[in-house]
Protein chains: 2
Amino acid sequence: MGDEFSMDELLLALLKQGAYFKPVKITTTELGKMLEMSQQNVSHRLSVLEKEDMVNRTASGIELTKKAKDRVDVLYADMKLIFEKEKLELSGVIVSGLGEGKYYLSMDGYRKQVKEKFGYLPFPGTLNIEIDENDMWKKQHILKMEPIIITGFKDKNRSYGDLFGYKCRIGDIDCAIIVPLRTHHGPRIIEIISRVELKKRLGKKDGDRIKVVF
Amino acid sequence: MGDEFSMDELLLALLKQGAYFKPVKITTTELGKMLEMSQQNVSHRLSVLEKEDMVNRTASGIELTKKAKDRVDVLYADMKLIFEKEKLELSGVIVSGLGEGKYYLSMDGYRKQVKEKFGYLPFPGTLNIEIDENDMWKKQHILKMEPIIITGFKDKNRSYGDLFGYKCRIGDIDCAIIVPLRTHHGPRIIEIISRVELKKRLGKKDGDRIKVVF
DNA sequence: ATTACTAAGATTCGAGTAC
DNA sequence: TGTACTCGAATCTTAGTAA
């Protein structure tokens, strides 16, 4: 964790010329113009990159080494994370729940753990949202992230399964998607818990559109 | 077209801390450790960035200006182009499947959707390929692209999960990688579906090398 | 503890120019 | 053409230390 996140501008210019996939034929003068730096400097820096085993200069042009490609991969993966993980935003419509959430969230076995792991006692009821078809792929990505696990328990009557939680926000309210391991509604519906009664707090009713941000 | 493609490592470190979306509370010493540079240098460079109107230091932390965010957007867009415009090609070795694919692809619930979303009824069986270690990063890129979702369903016995599909080609045959949400084999193995029986059509057998193009 | 100044050392840069 | 050397200038970096 450190400088592998930085990226040499010369390397980036080569990338822009397609060097990730094939050797690139380009002169130091051209590179200098692109980067607004002298031909001499490009020449020098290229030879440094070569010594560092980042590029090879061959008859067919300048090519990136595996080491350089690895660095670029890391940079791109990091940026992707910054841009697309944070921007995950599910849109959908509020639907009425079946009272299931209310039932589960009335039980101390779950409530205590929510307090512990999310920092608040949940309002005893969930907001149910039917996700737009177009955002379903985002939901799948979210479900692949590391969940906060609320472990199940038994009482004298029956046993209760684990719940998976994923932190999110609606407006500026901290919430979490809760997914029972054995869910009873279709994959397009998600259940949200929060400290407050979301529908009332947001002034929304069934059928209204809503956005959930991760 | 030039240096807007480069990126200051300090800016990138701030981004990594989430500065794109909110002010970040972090000390110059911490940043110095992250970047393997002295606290003094971070301090100095931060003040340069401030003079250049790239960051603001407020009571709630360091925040990026619009100018800085615009630059980052450009960098990301450029990288995205580099990575996702060019053809990705996975190389690997054919391995024998566990018959799972055959099982899934015998079910109408999935078959109908494949016909609908990919334009053909799939041969009831998958080609399993163990991707070369060197191409794993490409696989990761592919899995981050927008999938075609084959939604799960229930029958009287059990429920079947969603599948993610990504169109690709082997030679001139249209295929798709299929990824179950909860996959049963290691991340190096992918399953390919197609209209035809791929192994027979390509005259290949287990252990042969093969390329998949996106 | 945190930030940032100064002074000195390290490095990067571009002009001139050789090849 | 194109590349790359020297060398002085500009810039960057760090240690020491003040605030």
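The sequence lines fix the lettering, A, B, ..., with proteins before strands; numbering per chain opens at 1. Both backbone and side-chain heavy atoms feed into the values below; hydrogens, waters and symmetry mates do not. On a predicted model such as this, the values are computed, not experimentally measured, just so you know.
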Heteroatom pairs (N/O) under 3.5 angstrom, protein to nucleotides 4-8 of chain C:
| unit_1 | atom_1 | unit_2 | atom_2 | d |
| --- | --- | --- | --- | --- |
| C:dA4 | OP2 | B:Ser43 | OG | 3.3 |
| C:dA4 | OP2 | B:Arg57 | NH1 | 3.0 |
| C:dA4 | N7 | B:Gln39 | NE2 | 2.8 |
| C:dA4 | N6 | B:Gln39 | OE1 | 2.9 |

C:dT12 OP1/OP2 closer than 4.0 Å to side-chain N/O of A:Asn41: no
Value in whole Å for how far the C1' atom of C:dT2 lies from NZ of B:Lys25: 14 Å
Salt-bridge criterion met for B:Asp208 and B:Lys199 (N-O under 4.0 Å): no
Aromatic plane relationship, B:Tyr120 with B:Phe118 - under 30° parallel, 30 to 60° tilted, over 60° perpendicular: tilted
Ion pair check, A:Asp8 and A:Arg45, cut-off under 4.0 Å: yes
Nearest-0.5 Å distance, CD of residue B:Glu197 to CZ of residue B:Phe123: 3.5 Å
Interatomic distance, A:Asp8 CG vs C:dT11 C1' [rounded to whole Å]: 14 Å
Contact boundaries on DNA chain D for chain B, cut-off under 4.0 Å to non-hydrogen atoms: D:dT13 to D:dG16
Protein-nucleotide distance (B:Arg45, atom CZ; C:dT11, atom C1'), rounded to Å: 13 Å
Gap separating the CD1 atom of B:Ile62 from the CG atom of B:Leu10, nearest 0.5 angstrom: 7.5 Å
Exercise: do A:Glu63 and A:Thr58 side chains pair donor with acceptor under 3.5 Å: no
Heavy-atom neighbours of A:Lys112 NZ exceed 12 at 6.0 Å: no
Residues, nucleotides or ligands: over 12 heavy atoms within 6.0 Å of B:Arg201 CZ: no
